[in-house]
There are 2 protein chains.
Amino acid sequence: MLTHTEENYLKVIYHLSQTEDEGISTNAIAQKIDTKASSVTDMIKKLKEKKLITHERYQGVFITTLGLQTAKMIIRKHRLWEVFLVNKLNFNWDEVHDVAEELEHIKSEKLINALDAFLGFPKEDPHGDPIPNSKGEIPYREKELLTETKINHKYMCVGVKDTSAAFLQYLDRQKIALGSTFTVLKHENFDHSVTILFQENELTLSKVVAHNLFVKKI
Amino acid sequence: MLTHTEENYLKVIYHLSQTEDEGISTNAIAQKIDTKASSVTDMIKKLKEKKLITHERYQGVFITTLGLQTAKMIIRKHRLWEVFLVNKLNFNWDEVHDVAEELEHIKSEKLINALDAFLGFPKEDPHGDPIPNSKGEIPYREKELLTETKINHKYMCVGVKDTSAAFLQYLDRQKIALGSTFTVLKHENFDHSVTILFQENELTLSKVVAHNLFVKKI
DNA sequence: ATTAAATTTTAGACAAATCTAAAAATATTT
DNA sequence: AAATATTTTTAGATTTGTCTAAAATTTAAT
């Protein structure tokens, strides 16, 4: 049985492992958790003791198969609760993160599977992130960053890389939501901004924005 | 901001205050929380510090207005989540307690009010206990114990005093649920059992059962 | 290849919530 | 009213998760 804190560390290690082949550094974890490296070292010992990660002094952390499976179950819970909040309780997509962060630690397999069924076995959360099924399998969905697109092709917005309230609220103001479609008109070489034709209007999105929007060719 | 543990203590003190005019004893709390009296003494200091209770050495605990309001909000959350589990996720009424015990600590007023609305502002939880509204007002509902009833009158089952899984499962086996109606036929003086006419059959309920069933004359 | 810099770990401390064992206060018996 | 029993509190430890400061190790720079 894991504590909330252990679950939070494991989730961070899982996410860092997604884009890192080497061991995850103590500092990288500390930065994500917003704590001190010494605290991370302490927690690493506990997670290692529970066989969720492997670790050699000064060599970084690797997540084990057990750790991977456990992390995916926490992420499953987080994302299902987010769907619940948005689809059933009418939360906006920028309001769900902190509450889901709490709800993800509720321990009941029956609860989460019943919730999954109640929601109609959704494949993605409100930010377009895939929801692991009860076996931990993560549905694959084609997606690329808006920065990588080809001009004169039509795309649909399918996800966000940055899930901060600030970014989501910016998208709301631009009327961009998951499912929105548009044509890419131009990639500006100078500042890497992207101009799209969206709802009959030309809209220029900065590099920062384009680099955090996942799209799919349609 | 209260910890989970502080909330659990406060809830217990609230419940004990309901049937007790004197100060709540350290031992009474210890027994309910299933901990040692010395741990209770420690926690009393913390709750007193936060102005949720008053306490003089050796004199028992009294809940303050702030404590009362806080406790009612925790109970509101607990009971609303129980309704959610039963009405939306198809949990049986004997399966909800432990999960609701965790869910009640989720901290988001928006969440709980949205949940309340989503559930249609229920007045009672699946065990017939009243749900405080967002202001902390508790709806009154007429009820008496089956042991107090008059013979040859018709009653409806409106609640249970004992909410243990064992008792609820016993009621399931007898096909007794909230809303069930029956006529009281006899009070047996010898063992205080109660015989009712329920669904065309005579059914004798022991004193223990009758003393834990809330009913209402119809 | 040393030296300097950055990272990581250890050592020791603290707050929260718990415990045991002993002391203090209150309640009950005789 | 004194003796006994019960209840409550204190004192001192333990565990979890955190911290600071210092030591150990690795990495980068000259």
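We name chains A, B, ... by the order of the sequence lines, and we start the count at 1 in each one.
Here dA15(C) presents its P atom at 13 Å from CD of E49(B), a figure rounded to the nearest Å. Atom P of nucleotide dA17(C) and atom NE2 of H105(B) are separated by 12 Å, given to the nearest angstrom. Atom NZ of K45(B) and atom C1' of dT10(D) are 7 Å apart (whole Å). Atom CD in E6(A) sits roughly 14 Å away from atom C1' in dT18(D) (whole-Å rounding). Computed from coordinates, the D34(A) CG to dC19(D) P distance equals 8 Å when rounded to whole Å. In this structure, the CG atom of N8(A) is 14 Å from the C1' atom of dT16(D), given to the nearest Å. Going from atom CE of M43(B) over to atom P of dA16(C) covers 10 Å, rounded to whole Å. Between L47(B) atom CG and dA16(C) atom P the separation is 13 Å, expressed in whole Å.
The aromatic rings of F84(A) and F118(A) are tilted relative to each other, their planes meeting at an angle between 30° and 60°. Ring geometry for W93(B) against H127(B) counts as parallel: the plane angle stays under 30°, on a 0 to 90° scale with 60° as the upper cut.
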Checklist outcome for this item: Quick tally for nucleotides 21-27 of chain D: nucleotides whose base has a protein heavy atom under 4.0 Å get B, sugar-phosphate-only ones S, the rest -, giving ---BSS-

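Less than 4.0 Å separates DNA chain C from no heavy atom of any residue of residues 17-28 of chain B.
Closest approach to the K46(B) side chain among dA16(C), dC19(D), dG17(D) is made by dA16(C) (side chain taken as heavy atoms from C-beta onward). Proximity note for D42(B) (side chain, C-beta onward) versus dA17(C), dT18(C), dT9(D): the nearest is dT18(C).
With respect to the salt-bridge test (charged N to carboxylate O, under 4.0 angstrom), the residues E6(A) and K46(A) do not qualify. Salt bridge K216(A)/E144(A): absent, no basic N to carboxylate O contact under 4.0 Å. A salt bridge links E104(A) with K11(A); the closest basic N to acidic carboxylate O contact falls under 4.0 Å.
OP1 or OP2 of dT9(C) lies within a sub-4.0 Å distance of a side-chain N or O belonging to T41(A). Using a 4.0 Å cut-off, no side-chain N or O of K36(B) falls inside it from OP1 or OP2 of dT18(C). Checking the phosphate oxygens (OP1, OP2) of dT9(C), a side-chain nitrogen or oxygen of H55(A) falls inside 4.0 Å. For the pair S39(B) and dA17(C), the criterion of a side-chain N or O lying under 4.0 Å from OP1 or OP2 is not met.
In this structure, a donor-acceptor pair under 3.5 Å is absent between the side chains of Q59(A) and H55(A). Between the side chains of N27(A) and S25(A), no donor-acceptor pair is found at a separation under 3.5 Å. Side chains of H187(A) and T149(A): a donor on one and an acceptor on the other come within 3.5 Å. No donor-acceptor contact under 3.5 angstrom links the side chains of D125(A) and W81(A), judged on distance only.
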Next on the checklist: For H192(B) and H211(B): C-alpha separation, side-chain torsions, deciding distance, then whether ring-ring contact (aromatic ring centres under 6.0 Å, His included) applies.
Outcome noted: CA-CA 9 Å; H192(B) 299 97; H211(B) 199 68; 9.7 Å; no

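Remark on DNA chain D: of its neighbouring residues T35(A) and V40(B), the 5'-side contact belongs to V40(B), judged by nearest-heavy-atom nucleotide.
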